[in-house]
Each structure stands twice: as structure tokens, then as C-alpha cells.
Enquirer: 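Before I ask anything, here is the structure I am working with.
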2 protein chains.
Amino acid sequence: MVSDSAVLLDRVFHALAHPARRAMLRRLAAGERNIGELAAPFRMSLPAASKHVRVLERARLVRRRVVGRTHVCWMEPRPLAKADAWLENCRRHWEAAFQRLDTVLEELKTRQKGRECLET
Amino acid sequence: MVSDSAVLLDRVFHALAHPARRAMLRRLAAGERNIGELAAPFRMSLPAASKHVRVLERARLVRRRVVGRTHVCWMEPRPLAKADAWLENCRRHWEAAFQRLDTVLEELKTRQKGRECLET
DNA sequence: GCGATTGTCAACCATGTGGTTAAATATTTT
DNA sequence: AAAATATTTAACCACATGGTTGACAATCGC
């Protein structure tokens with residue numbers, strides 16, 4: 001399926017579209033944390049934090065292993081690379097279009113110059 | 001306000017979290033389009049497309065000018081760079097943590113080697 | 001001026017999101 | 001065995017999203 005990768009991108013961008021989840025991910029980038037530790041910096045109940053972690057898991061940005069009664073989470077960077085690739089691709093296309101536009105404008109200017117020469 | 005930039009990031013990532021909006025943005029990366037042209041590739045009413053464009057505008061990814069009865073849209077790349085920067089930063093932190101972990105593992109291995117030497 | 005074209009606005013609907021509290025589950029500590 | 005800890009589940013709430021249709025407004029071509 002082509003759209004399979006698109007669904008993952010949907011989930012990755014959606015996961016990143018909330019400040020709490022971005023903060024969680026940044027902390028996980030530094031090392032493993034359990035749910036309670038991830039929840040601590042926010043004025044937010046444990047169930048709320050748990051939901052955010054599940055959103056990150058659906059985007060495959062985070063995984064967990066259960067160690068006794070604690071759930072230890074860690075970051076998985078590969079989906080970030082996919083998002084990154086999409087952004088970069090979009091920007092590259094824009095820059096190419098901009099370059100083409102610039103060329104056209106430059107050409108118009110030189111044509112204008114030629115006409116001025118004829119007029120003088 | 002610190003959170004001002006965070007709100008923009010929220011909006012940018014949210015704008016990118018829908019396949020129709022990503023497709024619209026990619027088309028706009030190639031050049032200007034009006035609302036009807038943006039809606040055309042999808043089985044989607046004009047009002048629906050209009051809403052998507054507004055989401056892109058709130059994220060400052062797209063702007064428009066009204067030319068007669070058509071609304072001409074173009075892409076504004078700067079917020080993409082902000083999203084890009086966030087991703088890159090997150091990945092860099094992860095790589096640094098990974099590097100540290102790798103160093104620790106390497107050190108453990110050499111210590112193990114030393115102990116083996118003592119044992120023989 | 002009239003009809004066709006381009007787009008918005010308003011109202012509505014189903015579903016999703018982000019949060020809460022209260023109860024249940026599993027594990028560790030005492 | 002009982003109490004404390006870490007987390008999930010369930011039920012609920014307010015509000016946002018993504019879509020529709022129908023009516024309205026502006027502009028272009030004849």
C-alpha cells in the first residue's frame with residue numbers, strides 16, 4: 001500500500017503537534033524514562049500522560065518495556081527521519097521553483113535593458 | 001512570550017498531520033494555485049478544501065491574495081524551517097545520548113577483557 | 001444586466017482529542 | 001497479609017476536526 005507510509009506520517013506529525021508530547025520526546029531523547037517521570041514536569045494526571053505516551057507509540061516514536069510495576073519508555077528515532085525527509089523534500093521543491101522564478105525575472109530584466117538600448 | 005514559538009510549532013505540525021494538507025503544500029511548493037485547483041485532486045467539496053487552506057494559513061505555511069474572484073495561494077517556507085530545526089535538534093540529542101551509551105558499553109567490554117586476563 | 005464561476009459563511013453531523021475522576025490491576029515493600 | 005506504588009481502564013465532559021449541504025457575495029464573460 002502506498003498510503004501505509006502516509007498514515008505513519010499522519011501519526012508522527014500529529015504526535016508532534018502537542019507541546020507536552022514534544023517535551024516528553026525531548027526528554028526521552030536524553031535517555032529512558034518511565035510514565036511517572038514523563039508526567040512529572042506537567043500539571044497533568046497520570047492517565048493523561050499515559051494517553052500522550054500512547055499517541056507517541058502509535059507514531060512509533062516511542063516504545064516501552066514493562067519492568068516490574070514500572071513501564072520504561074525509550075525513543076525510536078526512525079520515524080523522525082521520515083518526517084524530516086518529507087520536510088526537506090518539500091523545501092527542496094520550493095527552492096527549485098524559486099530558482100526558476102528568479103531565472104525568469106532575471107531574463108525579463110535583461111530583455112527590458114535591451115529595449116531601453118533600442119529606445120535611446 | 002516563550003510559548004509563542006511553541007504555538008506556531010503546534011500549528012505547523014498539526015497542519016502537516018493530514019494527507020490532503022501535505023499534498024496541497026507540495027503542490028504549492030511547485031508554484032501558486034487557487035483554491036479550486038488545490039481542491040481538484042481530492043474527492044472533497046470546495047468548503048472542505050477552503051478549511052484545509054485556512055489551517056495551512058494559521059500555521060503561516062501558506063498565504064493568499066485575492067485576484068478578482070479567485071484566491072491565489074502560495075507557500076511560505078519559513079515555518080517549515082522551524083519544524084525542521086526542532087526535529088534536527090531532537091535527533092541530535094538522541095544521537096548524543098546514543099553515543100554516550102555506546103561509550104559506556106565499550107568501557108564495560110574492555111573492563112570485562114581485563115578481568116578475563118586476570119582470570120587466566 | 002444575466003448567467004456562470006469562484007469562493008466564503010453558516011449550520012449541522014459524526015468522530016476525535018485532551019482532560020478529569022474513580023476503580024481495577026499488578027507489583028513491591030513492610 | 002496488608003499497605004503503598006505505578007500504571008491502565010472505564011466513564012464522562014467540553015471542545016476541536018473534518019466533512020457535508022444550502023445560501024450568499026463578488027466578479028467575469030457575453
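By convention in this document, chain letters (A, B, ...) are assigned in the order of the sequence lines, proteins followed by strands, and residues within each chain are numbered from 1.
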Enquirer: What is the distance from CZ of B:R54 to C1' of D:dG19, rounded to the nearest Å?
Expert: 14 Å
Enquirer: By nearest atom, which of the nucleotides C:dT20, D:dG18, D:dT7 is closest to the B:K51 side chain?
Expert: D:dG18
Enquirer: One thing to verify: whether A:E32 and A:R27 come together as a salt bridge, which I'm taking to mean a side-chain N less than 4.0 angstrom from a carboxylate O.
Expert: no
Enquirer: For A:E37 and D:dT7, what is the distance between atoms CD and C1' respectively, to the nearest whole Å?
Expert: 13 Å
Enquirer: So how far is it from A:R54 CZ to A:E57 CD, rounded to the nearest 0.5 Å?
Expert: 8.5 Å
Enquirer: Scan B:R78, B:K82, B:R58 and name whichever one has a side-chain contact (heavy atoms from CB on, under 4.5 Å) with B:L8.
Expert: B:K82
Enquirer: Using heavy atoms to find the nearest nucleotide of DNA chain C for A:S45 and A:R58 separately, return the residue whose nucleotide is more 5′.
Expert: A:R58
Enquirer: From the list D:dT20, C:dT8, D:dT7, which nucleotide is the closest neighbour of the side chain of A:H71?
Expert: D:dT7
Enquirer: Output the single nucleotide from C:dG7, D:dT8, C:dT20 whose closest atom is nearest the side chain of B:R64.
Expert: C:dG7
Enquirer: What is the minimum heavy-atom distance between B:L46 and B:G36, and which atoms define it?
Expert: CD1-CA, 4.0 Å
Enquirer: Rounding to a whole Å, what distance do you find between A:M44:CE and C:dG18:C1'?
Expert: 8 Å
Enquirer: Go through B:L87 and A:L16 one step at a time and tell me if the side chain to side chain contact (heavy atoms under 4.5 Å, CB included) criterion holds.
Expert: CA-CA 9 Å; B:L87 289 182; A:L16 296 176; 3.6 Å; yes
Enquirer: Take the protein atom CZ of B:R65 and the nucleotide atom C1' of D:dA26, then report the distance between them rounded to whole Å.
Expert: 18 Å
Enquirer: From the set C:dA22, C:dG18, D:dT20, return the single nucleotide nearest to any side-chain atom of B:A48.
Expert: D:dT20
Enquirer: When you measure from the side chain of B:P47, which nucleotide among D:dT21, C:dT20, C:dG7 comes out closest?
Expert: D:dT21
Enquirer: Can you tell me how far P of C:dA23 sits from CG of A:L46, to the nearest Å?
Expert: 17 Å
Enquirer: To the nearest 10 degrees, what angle separates the axes at the start and end of the helix from C:dG1-D:dC30 to C:dT30-D:dA1, five pairs each?
Expert: 20°
Enquirer: Run the numbers on A:I35 and A:R64 for side chain to side chain contact (heavy atoms under 4.5 Å, CB included), then give the verdict.
Expert: CA-CA 10 Å; A:I35 306 284; A:R64 84 172 72 186; 4.2 Å; yes
Enquirer: Which nucleotide wins on minimum distance to the side chain of A:R69, given the candidates C:dT28, C:dG7, C:dT5?
Expert: C:dT28
Enquirer: May I ask you to check whether B:H18 and B:H52 place their ring centers less than 6.0 Å from one another?
Expert: yes
Enquirer: Does the side chain of B:H52 get closer than 4.0 angstrom to OP1 or OP2 of D:dG19 through an N or O atom?
Expert: yes
Enquirer: For the residue pair B:E37 and B:R33, what are the closest heavy atoms and their distance?
Expert: OE1-CA, 3.3 Å
Enquirer: At 4.0 Å (heavy atoms only), tell me whether A:I35 reaches a base, stays on the sugar-phosphate, or touches nothing.
Expert: sugar-phosphate
Enquirer: Can you list, by residue number, the residues of residues 10-22 of chain A that have a non-hydrogen atom closer than 4.0 angstrom to DNA chain C?
Expert: A:H14, A:H18, A:R21
Enquirer: Kindly indicate, with the supporting measurements, whether the criterion side chain to side chain contact (heavy atoms under 4.5 Å, CB included) is fulfilled by B:T70 and B:V72.
Expert: CA-CA 6 Å; B:T70 76; B:V72 180; 3.9 Å; yes
Enquirer: I'd like to know whether B:R21 forms a side chain to side chain contact (heavy atoms under 4.5 Å, CB included) with B:V53, so could you lay out the CA-CA distance, the side-chain angles of the two residues, the decisive distance to 0.1 Å, and finally the verdict.
Expert: CA-CA 7 Å; B:R21 288 192 293 260; B:V53 171; over 6 Å; no
Enquirer: Can you check the A:R33 CZ to D:dA6 C1' distance for me, whole Å?
Expert: 17 Å
